[in-house]
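Chain A is the first sequence line, chain B the second, and so forth, proteins listed ahead of strands; every chain is numbered from 1.
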4 protein chains.
Amino acid sequence: MRGLNKVTLIGNLGGDPDIQRVQEGVTVAKFSLATSESYKDAKGQVHTTTDWHSIVLWRGLAELAEKYLHKGSLIYVEGKLKTRNFEDKEGAKRYVTEIIGDQIIMLDKRDES
Amino acid sequence: MRGLNKVTLIGNLGGDPDIQRVQEGVTVAKFSLATSESYKDAKGQVHTTTDWHSIVLWRGLAELAEKYLHKGSLIYVEGKLKTRNFEDKEGAKRYVTEIIGDQIIMLDKRDES
Amino acid sequence: MRGLNKVTLIGNLGGDPDIQRVQEGVTVAKFSLATSESYKDAKGQVHTTTDWHSIVLWRGLAELAEKYLHKGSLIYVEGKLKTRNFEDKEGAKRYVTEIIGDQIIMLDKRDES
Amino acid sequence: MRGLNKVTLIGNLGGDPDIQRVQEGVTVAKFSLATSESYKDAKGQVHTTTDWHSIVLWRGLAELAEKYLHKGSLIYVEGKLKTRNFEDKEGAKRYVTEIIGDQIIMLDKRDES
DNA sequence: TTTT
DNA sequence: TTTT
């Protein structure tokens with residue numbers, strides 16, 4: 001309680017979703033999402049910066065991603081930030097931060113929904 | 001353009017902010033923020049999960065953090081997700097994801113604003 | 001599909017929630033929420049503006065409001081904007097815009113959750 | 001302080017923006033935005049509900065709306081809820097709730113930005 | 001490492 | 001009509 005953990009992104013998929021069946025009837029989809037922003041520097045020149053985000057979708061949303069999303073798709077994603085730790089090959093503790101999506105809106109006309 | 005990168009969190013500081021003066025007149029504040037959530041499992045038992053987030057504040061917001069925030073403070077933060085890479089001592093590329101805050105609301109009565 | 005309708009507010013209740021039982025087992029809670037903001041004008045003087053919002057909660061959230069919320073409570077509300085029309089006593093069409101809440105976080109230490 | 005008043009919408013313009021020059025160099029744009037949502041009822045049948053919102057943009061954003069937005073454009077808007085009161089022709093006090101936008105993302109490929 |  |  002008394003906690004809020006929300007991420008909202010609008011951006012393009014960097015590649016096709018990677019789909020895994022982790023259990024009978026449970027699908028997971030993973031992909032990178034690029035969010036880009038333009039700004040003007042002191043000299044009035046326009047620069048663009050891009051941030052990349054690791055998106056993870058479960059079950060129904062993963063199946064939707066499998067059917068309709070592909071490299072380049074423009075989407076809105078809402079979800080939660082989760083930082084997982086794992087051991088790398090050398091046995092050192094490493095961290096990854098992912099967005100576990102709980103809502104998707106497809107913004108490309110060509111993608112069906 | 002056509003990009004959105006927004007994080008909104010409500011949670012408690014895990015420790016006092018770490019304050020650095022990186023340049024004449026430029027302050028940076030860093031701290032961990034815990035967001036907690038409760039849910040009931042299939043047996044009706046309540047579980048609490050906590051996620052930890054790395055928050056970075058610049059300039060005016062960093063000075064505000066220095067003055068008013070401390071271990072345990074309850075705040076609302078809005079900002080952007082940024083993943084930086086750096087080399088660890090072994091020279092391997094590693095990643096950290098941080099939230100660069102651009103708005104703070106102090107939610108503790110005891111903290112001044 | 002392809003639609004998003006989201007409101008997020010942090011503010012204080014202007015009065016105790018008005019509770020109605022509209023049906024067997026269905027509770028509705030209504031109250032006004034004040035969100036205040038301070039800004040400095042050109043002369044450096046601080047001004048505060050307050051916006052008032054009509055909040056409507058259904059079922060479980062309404063019961064939670066009945067138990068824990070009262071005049072002055074500080075809360076976070078997330079919900080959807082809905083504009084309803086109704087006829088006034090003169091038979092003219094009038095409109096009200098309400099926020100139908102779907103998440104509440106209580107931010108006062110004295111309120112239980 | 002201690003207040004948050006934020007609305008985020010993704011939807012289509014119901015008509016071309018209405019543009020007004022209210023002062024030397026100050027433009028205001030107004031338009032209706034439809035946000036649609038689909039849901040399944042108990043019988044599995046899909047229903048769509050649409051909410052309409054009154055959007056107001058000032059200065060630079062209004063000029064951008066004038067240049068690039070038109071009936072049907074798909075946009076993301078972020079802003080604040082404001083309820084204004086005014087007197088109708090009979091002298092009765094009436095209210096309107098508007099969203100004063102402070103960020104726009106154009107989501108149609110055909111609209112330039 | 002926080003908080004209720 | 002709230003709160004600091």
Separation of [N] [atom2] from [X] [atom1] (nearest whole Å):
{"X": "C/His70", "N": "F/dT2", "atom1": "NE2", "atom2": "C1'", "result": "12 Å"}
{"X": "B/Leu74", "N": "F/dT3", "atom1": "CG", "atom2": "P", "result": "18 Å"}
{"X": "A/Tyr95", "N": "E/dT1", "atom1": "OH", "atom2": "P", "result": "11 Å"}
{"X": "B/Asp16", "N": "E/dT2", "atom1": "CG", "atom2": "P", "result": "12 Å"}
{"X": "C/Phe31", "N": "F/dT2", "atom1": "CZ", "atom2": "P", "result": "15 Å"}
{"X": "C/Tyr76", "N": "F/dT2", "atom1": "OH", "atom2": "P", "result": "25 Å"}
{"X": "B/His47", "N": "E/dT3", "atom1": "NE2", "atom2": "C1'", "result": "19 Å"}
{"X": "C/Tyr39", "N": "F/dT4", "atom1": "OH", "atom2": "P", "result": "21 Å"}

Can you list the residues that meet the salt bridge (charged side-chain N to carboxylate O under 4.0 Å, His left out) rule with [X], with sequence neighbours excluded?
{"X": "A/Arg94", "value": "A/Asp88"}
{"X": "B/Lys67", "value": "none"}
{"X": "D/Lys82", "value": "C/Asp51"}

Proximity to the side chain of B/Ser32 - top-ranked nucleotide from E/dT3, F/dT3, E/dT1: E/dT1
A/Trp58 atom CH2: more than 12 heavy-atom contacts under 6.0 Å: no
Partners meeting ring pair (Phe, Tyr, Trp, His ring centres under 6.0 Å) with A/Tyr39 (sequence neighbours left out): A/His47
DNA chain F contacts made by residues 50-59 of chain C, counting heavy atoms under 4.0 Å: C/Thr50, C/Trp52
Show me the donor-acceptor pairs, under 3.5 Å and distance only, between side chains in residues 95-103 of chain B and residues at least two apart or in other chains.
residue : atom : partner : partner atom : Å
B/Thr97 : OG1  : B/Thr83 : OG1          : 2.9
B/Glu98 : OE1  : B/Arg84 : NE           : 2.8
B/Glu98 : OE2  : B/Arg84 : NH2          : 3.1

